[in-house]
Amino acid sequence: MDTLRKILKEMKGYYRYLAITFFAMLMLTAAQLYFPLITRKLVALIETGSPDLPKQAITLGGILLGVYFLQSLCTYFKSYYSHYAAWNCISDLRIKLYDHIQYLSMSYFQDKQVGQLMSRITADSSNIEVLIGHALPDTIVNLFIFAGAAVILFSINPLLAALTLLTLPLTALVVWIYSTKVRPLFRFGHVKMGELNAVLQDNLSGIKEIQVFNQQREERANVDQKSKEHVKYLLGALKKSAVFQPFISFVNNLGSVVIVVAGGILAFQGKLMASDIVAFMMYSSLFYQPMLTLGRIVEDMQNALTAADRIFEVLDTHSEVQDRKGAFPIRDVSGEITFEHVDFSYEEKTRVLCDINLRIKSGETIALVGPTGVGKTTFVNLITRFYDPDGGRILLDGKDLRDITLKSLRDNISIVLQDVFLFNGTVLENIAYGCKEASREAVMQAAKIANADEFIDKMENGYDTVIGERGTKLSGGQKQRLSIARAILRNRKILILDEATAAVDTATERLIQEAIEKVSRDRTTIIIAHRLSTIKNADRIVVLSENGIEQIGKHEELLRIDGPYRKLVMANQ
């Protein structure tokens with residue numbers, strides 16, 4: 001019920017369409033309940049030998065025609081507006097879910113697969129449509145029919161009506177058992193479908209690696225396993241449905257047996273007219289109709305509610321990194337960054353940074369060096385607030401980052417990451433991604449500074465060339481230069497370069513380094529690099545180890561000391 005309430009809350013903007021659907025269902029129920037009354041009236045006229053039978057039959061036929069027309073019209077309104085509300089609600093829910101995922105902290109994504117999250121946004125949300133557009137309207141219609149038929153049955157003959165209710169407790173028990181047994185199977189089925197989507201997404205993204213290492217057969221086996229696991233749980237649920245639905249049908253048919261036997265005896269005793277028996281049989285069919293469709297409805301609802309649980313599980317997840325109460329936007333940033341006794345770990349038992357103290361002056365260029373795994377990229381992750389420190393604090397212009405709104409903080413940072421991500425758009429769109437208002441001339445100037453204009457001009461459509469998903473049409477060095485051009489165009493007070501020249505040759509690296517030196521003037525620049533040639537001109541070099549900050553100084557100063565930095569330089573020669 002809690003999940004159902006959440007779904008209904010999401011549908012708040014479409015209640016008026018549901019109201020139209022509800023009214024149509026009321027009229028549809030009335031039409032269905034009125035038809036047996038016409039049949040009962042006709043049989044009574046025949047039974048009594050009424051002289052006005054032909055005229056009455058024409059009148060009843062006209063009424064029946066009107067009832068059928070109303071039934072068709074109401075079916076249209078019920079079907080269209082329930083689906084209109086359902087699919088629009090699903091669209092809103094997908095957007096809400098995607099938007100929520102966008103703002104979750106990086107820690108949430110550490111153990112999540114992209115395919116799993118895509119499955120929740122697409123497949124799971126589609127399953128909810130079955131609940132809104134089919135299961136709920138059908139449930140309401142069937143409840144009305146059930147109640148209306150029950151009232152009419154008791155008005156015809158209370159004794160016979162009471163006898164037909166004997167099978168209801170057994171039906172209710174079977175429905176309860178079915179619901180408790182089947183829903184977990186549907187949930188496992190959704191989980192396995194998410195795992196299958198995750199594997200497919202990974203494999204399609206890494207198709208080059210699969211072909212290079214001749215892993216087609218192994219990956220096919222992996223996909224085959226995930227697909228069969230999904231089918232296993234789904235068939236388990238459907239097997240129980242296959243047993244449940246015929247059993248419900250059999251139990252309901254017992255009611256018809258009761259009507260034939262008891263109705264025949266009552267008619268023999270003169271306590272029931274033939275027209276009443278005909279009407280009773282027709283209304284009992286309507287009475288049992290909800291029970292006959294109950295199996296399908298319960299199955300649809302279990303499937304949809306399971307999918308909804310997976311969606312609301314994500315929506316109920318709160319980001320670990322978010323604006324504090326009273327957080328304010330920062331303006332006129334000078335770029336001074338201070339680490340005060342900062343501790344951080346991605347996992348509880350593995351400390352990455354321990355008691356780090358560092359002051360980066362406004363406009364200063366700082367280089368972070370050290371072996372892999374000592375926390376260089378973690379510095380960047382903490383400054384951008386992808387994560388918050390476990391202990392201590394980080395200040396920007398003397399203000400705790402957690403007191404500054406995330407949007408304004410990141411609005412003041414340009415960043416080039418080692419793993420460059422480009423979108424399936426044009427060169428111009430990718431460079432201007434963080435600066436949509438930039439003119440074409442500004443984009444071209446940024447590309448020129450990043451030494452990217454040379455290869456862009458050689459492309460078939462220049463800046464309007466579509467580069468493919470993740471920039472598949474570009475080399476690693478070209479991707480890197482587009483990413484640098486993007487950061488240059490963004491033109492923020494804080495510039496972060498995480499292995500920005502890792503994928504370029506020595507000649508290109510020298511040109512990019514010249515560009516970086518130009519754009520880093522009057523900016524706080526943080527450079528992470530394994531190539532020590534790119535950091536020689538830094539104002540200060542911070543040498544990190546597993547124990548924290550080992551050395552700080554200029555290139556020449558550190559070289560004169562027999563320490564970690566000198567060993568790194570010697571190892572790179």
Contact between [X] and [Y] at the side-chain level, heavy atoms closer than 4.5 Å - yes or no?
X: Leu196; Y: Glu229; value: no
X: Val543; Y: Ile552; value: no
X: Leu482; Y: Ile456; value: yes
X: Ile132; Y: Met11; value: yes
X: Leu544; Y: Phe379; value: yes
X: Glu10; Y: Phe312; value: yes
X: Leu305; Y: Ile7; value: yes

For [X] and [Y], does a side-chain donor sit closer than 3.5 Å to a side-chain acceptor?
X: Gln445; Y: Glu441; answer: no
X: Asn88; Y: Tyr17; answer: no
X: Tyr84; Y: Thr21; answer: no

Give a yes or no on whether the backbone of [Y] and the side-chain of [X] come within a donor-acceptor separation of less than 3.5 Å.
X: Ser408; Y: Ile330; value: yes
X: Arg486; Y: Asn430; value: yes
X: Arg402; Y: Arg324; value: no

Output yes when [X] and [Y] qualify as a salt bridge under the 4.0 Å nitrogen-oxygen rule, no when they do not.
X: Asp316; Y: Lys6; value: yes
X: Asp323; Y: Lys407; value: no
X: Asp464; Y: Arg440; value: yes

Subject >> Thr378 vs Tyr387, side-chain hydrogen bond (donor to acceptor under 3.5 Å, both in side chains): CA-CA, chis, key distance, verdict >> reply: CA-CA 9 Å; Thr378 301; Tyr387 300 88; over 6 Å; no

Original post:
Who pairs with His555 by ring-ring contact (aromatic ring centres under 6.0 Å, His included), at least two apart in sequence or on another chain?
Top reply: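 Partners of His555 under the ring-ring contact (aromatic ring centres under 6.0 Å, His included) test: Tyr565.
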
Measure the spacing between [atom1] of [X] and [atom2] of [Y] and express it to the nearest 0.5 Å.
X: Glu556; Y: Leu559; atom1: CD; atom2: CG; result: 7.0 Å
X: Arg560; Y: Glu557; atom1: CZ; atom2: CD; result: 6.0 Å
X: Ile527; Y: Asp498; atom1: CD1; atom2: CG; result: 11.0 Å

Subject >> Passing candidate, side chain to side chain donor-acceptor pair (under 3.5 Å) with Arg359, options Glu364, Glu340, Glu336 >> reply: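 In the set Glu364, Glu340, Glu336, the residue that makes a side chain to side chain donor-acceptor pair (under 3.5 Å) with Arg359 is Glu336.
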
Subject >> Candidate pair Met444 and Tyr463, rule side-chain contact (heavy atoms from CB on, under 4.5 Å), full reasoning >> reply: CA-CA 8 Å; Met444 294 173 70; Tyr463 286 84; 3.7 Å; yes

Subject >> OH/Tyr103: more than 12 non-hydrogen atoms of other groups inside 6.0 Å >> reply: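 No, not enclosed.
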
Original post:
Ile494 and Ile360: side-chain contact (heavy atoms from CB on, under 4.5 Å), yes or no, with the steps?
Top reply: CA-CA 11 Å; Ile494 300 171; Ile360 305 172; over 6 Å; no

